[in-house]
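What you see is a predicted model; the values in this text were computed from it and never measured. Order of the sequence lines sets the chain letters (A, B, ...), proteins ahead of strands, with each chain counted from 1.
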There are 2 protein chains.
Amino acid sequence: MDTGKAGPGTRRSGAAGEVWLRPSARRGRGAPPLSRDRIVEEAVALLDAEGADRLTMRRLAERLDTGSTTLYWHVKTKDDVLDLALDAIFAEVGIPPKGGQGWRAGITVLINGWRAVLLRHPWSAALLSRPMLGPNVLARSEFLYATLLEAGVVEPHLTAAAYGLSNYVIGSGLMQATWPTSAEQDVRRAAREHLRANRERYPALATYGPLVAEGDWDAGFALGLTWLLDGIQAGIAGAGDAAGGAVRA
Amino acid sequence: MDTGKAGPGTRRSGAAGEVWLRPSARRGRGAPPLSRDRIVEEAVALLDAEGADRLTMRRLAERLDTGSTTLYWHVKTKDDVLDLALDAIFAEVGIPPKGGQGWRAGITVLINGWRAVLLRHPWSAALLSRPMLGPNVLARSEFLYATLLEAGVVEPHLTAAAYGLSNYVIGSGLMQATWPTSAEQDVRRAAREHLRANRERYPALATYGPLVAEGDWDAGFALGLTWLLDGIQAGIAGAGDAAGGAVRA
DNA sequence: ACCTGAACACCGTTCAAGT
DNA sequence: ACCTGAACACCGTTCAAGT
């Protein structure tokens, strides 16, 4: 594990003329100078590779070939790094072209892309408990609101729709990222057996529950999304009170 | 801050005869002996009072009047404490009586109770990224599945319904617990001004966005819940393909 | 303007030792 | 069976100092 760690003076002090043999940057060829962007990029890589609780200022600095304290010139705190990393991956969520398809299609593409990103970076689920106000997140929220407005959705349906859709993806991403992955077969099996052993207490779960049925995440997600979109659509047509009397909690 | 901290020997060594003046337990009157339950209870209190990142084995131990290392006799790791604390608050979610009302009413009560607990313990939102397999959580999932089954919901609607509802509450709780509270008026205002300053980039958000409109969380949540329930209900009636062709993502 | 090193005040956890 | 203290290998962050 510690193999790559140069002893004191090995690289930093530099033997006579050794400067010319070095490609001017610290690390191998072409490592750009340290910058906020590079720190965030490396943070995402570290998070992808090892998960949220392995992200340490010292370990991050090591990957960037600096001391941990150097990072604090470019970034104010570790929390900043997390905020920036979270916003960075949102850039991967494609924003559908403006007028292309109907509002349902546009929103479906956005939401599915959003979900895909959450699943591709499972650590992000745990970070969603911080306010998301970065430019990439805002750009996607803007698309969502704009599309709904253009479709004719008005308050109180507008807020409910935007929140409902967002909450649904976030919850789904969190749930699925959380769930014992197939890599943890032992945990899955243990959980399943736990349910079956207590089948008199959890009869429905033991037979139909998620750990048993191994339901199709994607199909389930799509179905729930349809329900939300249907509800939103119904609210557009008869703006009055298509939702019945259930609106007030 | 350090006022209450007894100097070495002040309490532990005990002057002659001092035993009889002590009420036999370490702390004031009637402190029950250390136990797993007491640790979890105190952990919840600490989390409620100070939030997730202030929970420390040492600080928790201090509240229990022990050394931090003592906790490890009752609990294996800090993660265990978090898992136990998370399951503990789920006990507050009331499970509706079995046959009382229709399935919609029962599920609505459960979901609203669930949401209320998440909002009452905002720290729990950040912990939802861990598998929830504790007895209290399972009991509530059991109710959900059993009620849906009894209402006649079948696969693939069953899994989609259970996940959809759960994901929706979880996402909502996370979102609302995360959002700058009214206590952080400055953050709210800064965010709002940020949106307005960039109104050409975020036109819809700047005018109708959540930070501006100050929408009613409860009403919005209830509306989205209605949509989900409507979708589930529609699936019961015409079991065939009431959801149209959108099922396969 | 950017980087470094030493240092501070913490962490979670282990373990031999006590009662 | 339960509790304690010392100790280990870490943390995030500050700050004076270097170039």
Using Watson-Crick and G-U wobble pairs whose two distances are both under 3.5 Å, how do you write the pairing of DNA chain D as dot-bracket, with | for links to another strand?
-> ||.|||||...|||||.||
Under 4.0 Å between a Lys/Arg side-chain N and an Asp/Glu carboxylate O for B/Arg36 and B/Asp80?
-> no
Any side-chain N or O of A/His74 under 4.0 Å from OP1/OP2 of C/dA1?
-> no
Starting from C1' on D/dC11, measure out to CZ on B/Arg54 and report it in whole angstrom.
-> 16 Å
Rounded to whole angstrom units, what separation is found between the CZ atom of B/Arg58 and the P atom of D/dA7?
-> 14 Å
Just by distance, do the side chain of B/Asp87 and the backbone of B/Val137 share a donor-acceptor pair under 3.5 Å?
-> yes
Would you indicate what A/Thr56 reaches in the nucleic acid, counting non-hydrogen atoms under 4.0 angstrom: base, sugar-phosphate, or nothing?
-> sugar-phosphate
Round to a whole Å and report the spacing from CG of A/Asp53 to P of D/dG12.
-> 12 Å
Would you confirm whether A/Glu142, through its side chain, and B/Ala204, through its main-chain N or O, come within 3.5 Å as a donor-acceptor pair?
-> yes
Mind listing the closest non-hydrogen atom pair of A/Ser166 and A/Leu144 along with its distance?
-> OG-CD2, 3.9 Å
Without swapping roles, check the side chain of B/Arg59 against the backbone of B/Arg54 for a donor-acceptor pair under 3.5 Å.
-> yes
Does a nitrogen or oxygen in the side chain of B/Thr77 sit under 4.0 Å from OP1 or OP2 of C/dG12?
-> no
Between the protein and nucleotides 16-19 of chain C, which nitrogen or oxygen pairs are less than 3.5 angstrom apart?
none

Starting at atom NZ of B/Lys76, determine the distance to atom C1' of C/dG12, rounded to an integer number of angstrom.
-> 14 Å
note: A/Glu62, atom CD; D/dG12, atom P; distance rounded to Å ~ 13 Å
Kindly say if B/Thr66 contacts the phosphate of D/dC3, meaning a side-chain N or O under 4.0 Å from OP1 or OP2.
-> no
Does any N or O in the side chain of B/Tyr168 come within less than 3.5 Å of the main-chain N or O of B/Phe221, such that one atom is a donor and the other an acceptor?
-> yes
How many Å lie between CG on B/Asp80 and C1' on C/dG12, as a whole number?
-> 13 Å
Length of the line joining A/Met57:CE and C/dC11:C1', which is rounded to integer Å | 16 Å
Given B/Ile39, B/Val44, B/Val40, the one that forms side-chain contact (heavy atoms from CB on, under 4.5 Å) with B/Leu84 | B/Val40
Should A/Thr69 be listed as having a side-chain N or O under 4.0 Å from OP1 or OP2 of C/dC3?
-> no
Nearest-Å distance for atom pair OH/P, residues B/Tyr72 and C/dG12 = 6 Å
For C/dC2, does either OP1 or OP2 sit under 4.0 Å from a side-chain N or O belonging to A/Trp73?
-> yes
Is a donor on one side and an acceptor on the other found under 3.5 Å between the side chain of B/Thr77 and the backbone of B/Asp79?
-> yes
Contacts satisfying ring pair (Phe, Tyr, Trp, His ring centres under 6.0 Å) that involve residues 50-96 of chain B (not counting sequence neighbours) are B/Phe90-B/Trp114
